[in-house]
Every structure is written in structure tokens, then in C-alpha cells.
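Taking it in order: structure first as C-alpha cells, then the write-up.
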There are 2 protein chains.
Amino acid sequence: MPPFDVRFVRNLEQARPRPDRSSAPCVACAVRHLTVCAPLNPAELAEFSTIMKRRHFEPANAVFDEGDLAKHVFNVTSGVVKIYKLLPDGRRQVTGFLIAGDFLGLANEERYAYSAEAVTDARLCCFPRQKFEAMLDNFPAVERQMLMVASHELAAAQEQMLLLGRKTAKEKIASFLLRLSSRYRKRGLQDNPIHLPMSRNDIGDFLGLTTETVSRTFTQLKSSQMIRLLAGGLVELCDIDQLEDIAEGM
Amino acid sequence: MPPFDVRFVRNLEQARPRPDRSSAPCVACAVRHLTVCAPLNPAELAEFSTIMKRRHFEPANAVFDEGDLAKHVFNVTSGVVKIYKLLPDGRRQVTGFLIAGDFLGLANEERYAYSAEAVTDARLCCFPRQKFEAMLDNFPAVERQMLMVASHELAAAQEQMLLLGRKTAKEKIASFLLRLSSRYRKRGLQDNPIHLPMSRNDIGDFLGLTTETVSRTFTQLKSSQMIRLLAGGLVELCDIDQLEDIAEGM
DNA sequence: CGCAAGATTGACGGAGTTCAAGCCGAGTGG
DNA sequence: CCACTCGGCTTGAACTCCGTCAATCTTGCG
């Protein structure tokens, strides 16, 4: 048990978000082609950006909590954000690690169905939800893009269910490393020594394991020369073919 | 091991689908208000239905298989369809049981990312995918409805990840029964003695458990008077409050 | 340096799997 | 109408992977 309630600290930090209205127009956005904003031309982008604020979150800073009124939707532009659900007794399931280009905040009811919290320093584009939805009426291409994004996420969610329900600890870790590497590659980030900024505990809560099992499994993969743990939270994937075989349960 | 390959039989059956062009216009559709067709007026429905065929599937009959070219999208109008993913060694994760009103076939690539198979006799509306997508251009309201549906499914998927990653067998079964009951209620189907047409094995593959554990857990809930197993695959939920407490891990 | 938080390692136990045997019920055929 | 069969369900016993608990090690930071 930690000496004080972690969530309390988190909310303190949340109390001082940093709106960043500076300038930084979306035109220069490095990840736009990956986001829901992809289909917009410069003029449309300008219109869209009028309702948008950029915000910065420090590590362990909550973006929103499950049950909060869903007043905003977000795009991650840098850093890592985790989303998760809790059981009353504190058991936690991390349902995703979001990186640059990922969208979050889609809520079918008026409240968020999950919590979101920065893992690293993170920058998010922040749209008031009502204005965002109103905007969609004028930009059907964005709506279609959102449907595509949602459909991708649905496929990823099914993949994750397969992992959670049917894979062993070793298979889970191998799958996790490969998927992360592949997502980094798609965004043009370094994909072989990959950066793991999240704690073992977060990884465990994502894979349905405990911290200890995650740690032991890393050790195991390390001893069999499939990965190397480098300084700064970097992990080198040494034998990708074998990792892929393991990830698929072969 | 079964004496012959189950999938072989399934494909034989699939070879003779039953197109049903009879009449049955969508206007009379009992579940339309729950589907992606909900926003259409009668004239629009007529236009939509020109590209649609109704098909019937018998139990264990494949609707499509993971990896097939995604030529169609579907709406379930009656019966139960399961969707699932497989690992090379045969381990299976059922990612959903679809009932009347549910949409399936959304694929972000050109191929289906999962398999679909009838659990009971099932009727599906079947739309050629390209025509369906073309139609969407004229009916933005349907596209928006699809986004809402996808977003609901995403929330359900996250709930399922919480279940798979963090709940005990007892909590899984209790959650499963309550959710099914709740979905039946929303469609106007009988929600207390609920119908469980799927096998223990299917339930296990949905909840990340084995047949044996599912069976043992049912027995356990039965002995503690929380459920009763009736004839015809009916399950009576006797103490819903307590089941809810269990489902939430309390 | 010294502390605190996270990561690793070890020993042990338990929830759920595996393997195996029996049961039940629906369909079949004599 | 009943014996037979076959698939699915239930129950039992042994095992195992992973969780739990606890101690130690590492790392980053004031």
C-alpha cells in the first residue's frame, strides 16, 4: 500500500492544466495524416483549429476520469497516455496506450466510460465535444475518418481480447513488444530499440498479469537472447522472427 | 477429437446459403430502430433494401471466415451469431455473441479480421460492401449511426477486456449472464429466464475459461441459489442484486 | 550520500487447467 | 417403445502457471 492515495496527487496535478493557445497551427502538425484531421485542407484546418486548445499533461496527470462528464474529445500529438477501467476494489485493466495520432474521448453516453492519464509528458489537442460534433456536420470526410479510426480500434480490441483470454504470459509480452514496435514504425518513430515509458505495473494491467510476472517474463526473454534491456527504458528486439512465433503461440 | 473435421461440414453447409428475396421489406423490420438502418425513412429504406438480400444460416454454419475477402456487411435480424478469432494451434477467443439488431462485417482492410458462425438458426440482412459504402455517401445519417454503433461496441470491448484481464471465473459468469439479460431486455426479448443457446465451450471461449470451469461455476452459482438451470437452455437469475455484486467484484 | 519508488528474484499457494471418467438427453433405428 | 449412440455437460483428481507475499536490488533524484 502506498503511504497516500495516488489518485489524490493526480487530481492535484490535474487542477493546473496548461492551456497552450500559442500558435502552432494544425498545418504543421506532424501526425495529422494519422489522425481524424487527415482529410482536411488548410482552410478547413484553420476553421477546425478555432475550437481547439492544446494542452500539456505531466506524467501521472489525469486527462479525465471514468464517470466524468464527457465535455471534450482529444488527439494525442506527443507523449504517451494510458486509458483504463477500474473495479471497485482497485483491480485495473489498462485498455490502451495512446501515442501521437491517437484519438480519445469518444463516449456514447454523456460520460466517459474509462479514465485517461498521462504516462509521459504528453501534448493533446482538446476539442469541446459539442462544438466538435457540430463541426462534423460540415465535414463529413472527418466523420468517415472517425468511423475508420473506430473500426481500426475495434479490430485492435478484438486482437487484445484474444491476447487476454487465450495467450500465456510469454506470448502476451512478445505480442505487446511487437505491436508497440509496429505502431512506432507507422508513426515514423524508432521501432527497434523501442521505448517503454510505462511501468511494469502498467504493462501488467494492460496484459492481465502482475508486475512480478511481467518482470520474470522479461528476464526469461532476456536469458534466451530474444530481447535486451537497455538503459533509459529501451528494449531491443534481437530475434524478431522468434518473437513473432512466440506471439502467435507457435 | 471429433471423428471428422467440423469445419469441413460447416463449409459444406455454407456452400448452400438460402437467399431470401421474398418480400419482407425493411419497413416491417422489428429491430430496425436498433440497427444502422434506424435513421432511414420508408422511401430511403426502399432504396437501401434494393442492394440487400436476406439469408438464413443454420446452426454451426459459417457466415464468413477470418481472412476471407470482406465482400459483405450484415445485420442480424434473428437468432444468434458468434464471432471469434483463432490462434494457429486452435485456441479460440469468441469476441461476441450477436443478436437481432447487431451489425457485423466492418473491416478496415479488404479482409475480415475474424470469423462469424451461426449459433442458432439465424437470419441476416446481407449488403454488398461496396454498394453499401457507396450508399453511405447519400445517407450521412446512416454513417453517423454506424459511428455510434462502433463507439458502443468499443465501450463494450473495453468492458470485456476488463472482464478477461481482471475478473475471476465467478465474476466472469455473473457478468456474462447479467449483460446478456440486459441486451435481451433492450431488444424486447425475455430477460429473466434467459436463453443460453451457445455451448459451455463457446461461453468458455468468450470468457477466457475452459468448458469445465464454466460448468463448475454454473454449479456453484446454482448451489448458492443465485441461478437455476431450467430445461431448454434457459437460466433463471434468482438473485440479481447479488449477481451484480459478484459481477463487479464486491 | 541517502531515500523512495520501481524492478527483480525467491518461495509458496491457489485458481483454473488438464486429463479422465461418468452422466444426461435428444435423435435413431430395430 | 426401448436400446443404442453420440455430443455435450458434469464431476473428480492431479498438476501447473501465475498470483501473492516478502526480501533484495537498482535507479533516479534531492
Distances under 3.5 Å between protein N/O atoms and the N/O atoms of nucleotides 21-28 of chain D, please, pair by pair.
from, atom 1, to, atom 2, distance (Å)
D:dC21, N4, A:E212, OE2, 3.0

Checklist entry - What parts of residues 189-211 of chain A reach DNA chain D, counting only heavy atoms under 4.0 Å away? => result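 Listed by number, they are A:G208, A:L209, A:T210.
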
Checklist entry - Which residues, if any, of residues 243-250 of chain A bring a heavy atom under 4.0 Å of DNA chain D? => result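 Per residue number, the list is empty: none.
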
State which residues pass salt bridge (Lys or Arg N to Asp or Glu O under 4.0 Å) with [X]; sequence neighbours excluded, sorted by chain then number.
{"X": "A:K85", "answer": "A:E66, B:E159"}
{"X": "B:K172", "answer": "none"}
{"X": "B:E244", "answer": "none"}

Checklist entry - Excluding sequence neighbours, so at least two apart, what forms side chain to side chain contact (heavy atoms under 4.5 Å, CB included) with A:D121? => result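 Expected list: A:H56, A:E58, A:P59.
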
Item to check | Estimated bend of the helix from C:dC1-D:dG30 to C:dG30-D:dC1 (axis per five terminal pairs, rounded to 10 degrees) | outcome: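 Rounded value for the end-axis angle: 30°.
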
Item to check | B:N75: partners by side chain to side chain donor-acceptor pair (under 3.5 Å), with sequence neighbours left out | outcome: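 B:N75: no side chain to side chain donor-acceptor pair (under 3.5 Å) contacts found.
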
Checklist entry - Which pairs count as side chain to side chain donor-acceptor pair (under 3.5 Å) when at least one residue sits in residues 229-243 of chain B, sequence neighbours excluded? => result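 For residues 229-243 of chain B, and leaving out neighbouring residues, the side chain to side chain donor-acceptor pair (under 3.5 Å) pairs sorted by first residue read B:R228-B:E236.
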
Checklist entry - With sequence neighbours left out, which residue pairs that include part of residues 173-189 of chain B fulfil the side chain to side chain donor-acceptor pair (under 3.5 Å) condition? => result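 Found B:D102-B:R183, B:D102-B:R187, B:Q160-B:R179, B:K167-B:S175, B:R185-B:D191.
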
Next on the checklist: Let me spell it out: for each of A:R166 and A:L229, pick the nucleotide of DNA chain C with the closest heavy atom. Which residue's pick is nearer the 5' end?
Outcome noted: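 Going by which nucleotide is closer to the 5' end, it is A:L229.
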
Next on the checklist: Distance to the ring centre below 6.0 angstrom and angle to the axis at most 45 degrees; does that hold for B:R123 and B:F57?
Outcome noted: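 Not satisfied by the 6.0 Å and 45° rule.
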
Item to check | Electrostatic pair B:D205:A:R166 at N-O distance under 4.0 angstrom | outcome: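 Yes, this pair counts.
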
Next on the checklist: Tell me every residue that passes ring-ring contact (aromatic ring centres under 6.0 Å, His included) with B:F206, counting only those two or more places apart in sequence or in another chain.
Outcome noted: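 By the ring-ring contact (aromatic ring centres under 6.0 Å, His included) rule, B:F206 matches B:F97, B:F176.
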
